[in-house]
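To start, the structure under review is shown below, and the notes come after it.
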Amino acid sequence: PMLAELMETPETKPVASQSQKGREFSYLIKELVVSNWSFDVHDRQPASPVHLQASKVNLRFNNLAAPQNVQSPFEFSTTFGNRGTIELKGTASLAAKSADVDAKIGRIPLTTFAPYITEQANLLLKDGTFDARLRVSVQPGPDDFQVSFGGDLGISRLYLLDGAYREDLLTWDSLQI
């Protein structure tokens, strides 16, 4: 029989019996809400530990579904550190693996990330805040995802020192791109 199978051509090969599959897994979540959560992360990996804190974490998704190609509106907001804000709003489709997102990021203190910069680039970040208004779109492409984005980025009150000599390296009031 094994030799006979090796000699089979597509025209002479018997049709495999069709096994019945069960229903495809599907779900519909009308509304998913996370309200007023907080996160407190201590990263002790850098020489100077990093403390990342998010409070007032809110997330709302409507009409999460699969395998149907449904656009699910969502909103996310949080306070980062004491004053930073992150707000995301848009639509996503799990089935299509796509998303369109509007993001507003305000007053994120760059000094939170100073230990990473010191460790990787031998620079001392003493002050600065990050702001952004972005529009991001992620769509499936023929081989990979197609990502497009636009918007404005800004860094205010940047103060950066050379790590070796502890001298002023870069300062500015505001840079907007």
Side-chain angles (χ1 to χ4, degrees), residues 27 29 32-62 64 66 72-141 143-177:
Y27 61 88
I29 301 171
L32 174 68
V33 177
V34 173
S35 183
N36 208 26
W37 279 22
S38 63
F39 297 93
D40 198 5
V41 177
H42 295 268
D43 184 356
R44 292 183 177 89
Q45 189 66 32
S48 296
V50 176
H51 184 206
L52 303 171
Q53 205 172 22
S55 60
K56 300 177 191 164
V57 176
N58 297 296
L59 172 68
R60 177 183 304 270
F61 257 105
N62 293 100
L64 280 171
S72 305
F74 69 89
E75 294 179 10
F76 170 84
S77 64
T78 189
T79 299
F80 183 82
N82 292 330
R83 300 180 356 183
T85 59
I86 301 171
E87 295 177 14
L88 307 176
K89 194 181 251 187
T91 59
S93 173
L94 298 175
K97 299 177 183 148
S98 65
D100 290 303
V101 182
D102 288 313
K104 285 195 275 184
I105 302 168
R107 297 185 318 265
I108 301 296
L110 294 177
T111 52
T112 303
F113 308 101
Y116 298 120
I117 294 168
T118 298
E119 201 166 90
Q120 297 299 316
N122 196 22
L123 299 171
L124 301 173
L125 179 60
K126 297 307 230 174
D127 197 9
T129 59
F130 176 76
D131 297 281
R133 284 186 179 271
L134 303 171
R135 172 82 173 145
V136 180
S137 179
V138 179
Q139 304 296 325
D143 297 322
D144 292 321
F145 288 100
Q146 303 295 316
V147 179
S148 63
F149 64 92
D152 303 313
L153 303 172
I155 296 177
S156 301
R157 296 187 337 266
L158 183 72
Y159 182 34
L160 192 62
L161 300 176
D162 174 271
Y165 301 105
R166 304 213 188 273
E167 294 177 351
D168 289 356
L169 180 66
L170 190 58
T171 61
W172 67 61
D173 263 350
S174 180
L175 173 68
Q176 300 294 317
I177 298 174

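Keep in mind the model is a prediction, meaning the values are calculated, not measured.
We find the CZ-CD distance between F80 and Q53 to be 9.0 Å, quoted to the nearest 0.5 Å. Considering CG of L52 and CZ of F39, their distance stands at 12.0 Å, rounded to 0.5 Å. Here the CG-CZ distance, from L94 to F61, works out to 7.0 Å after rounding to the nearest 0.5 Å. Here the CZ-NZ distance, from R157 to K126, works out to 15.0 Å after rounding to the nearest 0.5 Å. Rounding to the nearest 0.5 angstrom, the gap separating the CG atom in L158 from the CH2 atom in W172 is 4.5 Å. Here the CD1 atom belonging to I105 is positioned 12.5 Å from the OG1 atom belonging to T129, to the nearest 0.5 angstrom.
A side-chain donor-acceptor contact under 3.5 Å links T78 to the backbone of S55. At distances below 3.5 Å, not a single donor-acceptor pair connects side-chain atoms of Q176 with backbone N or O atoms of D152. Between the side chain of R107 and the main chain of R83, a donor-acceptor pair closer than 3.5 Å is present. Side chain of D143 to main chain of G141: no donor-acceptor pair is present (N/O by atom type, distance under 3.5 Å, no hydrogens or angles). Judged by distance alone, the side chain of N62 and the main-chain N or O of S72 form no donor-acceptor pair under 3.5 Å.
A search for side chain to side chain donor-acceptor pair (under 3.5 Å) contacts involving S137 returns D100, Q139, not counting sequence neighbours.
In this structure, D40 places its CG atom where more than 12 heavy-atom neighbours from other residues, nucleotides or ligands lie under 6.0 Å away.
Checking L123, L124, L169 one by one against L161, the side-chain contact (heavy atoms from CB on, under 4.5 Å) holds for a single residue, L124.
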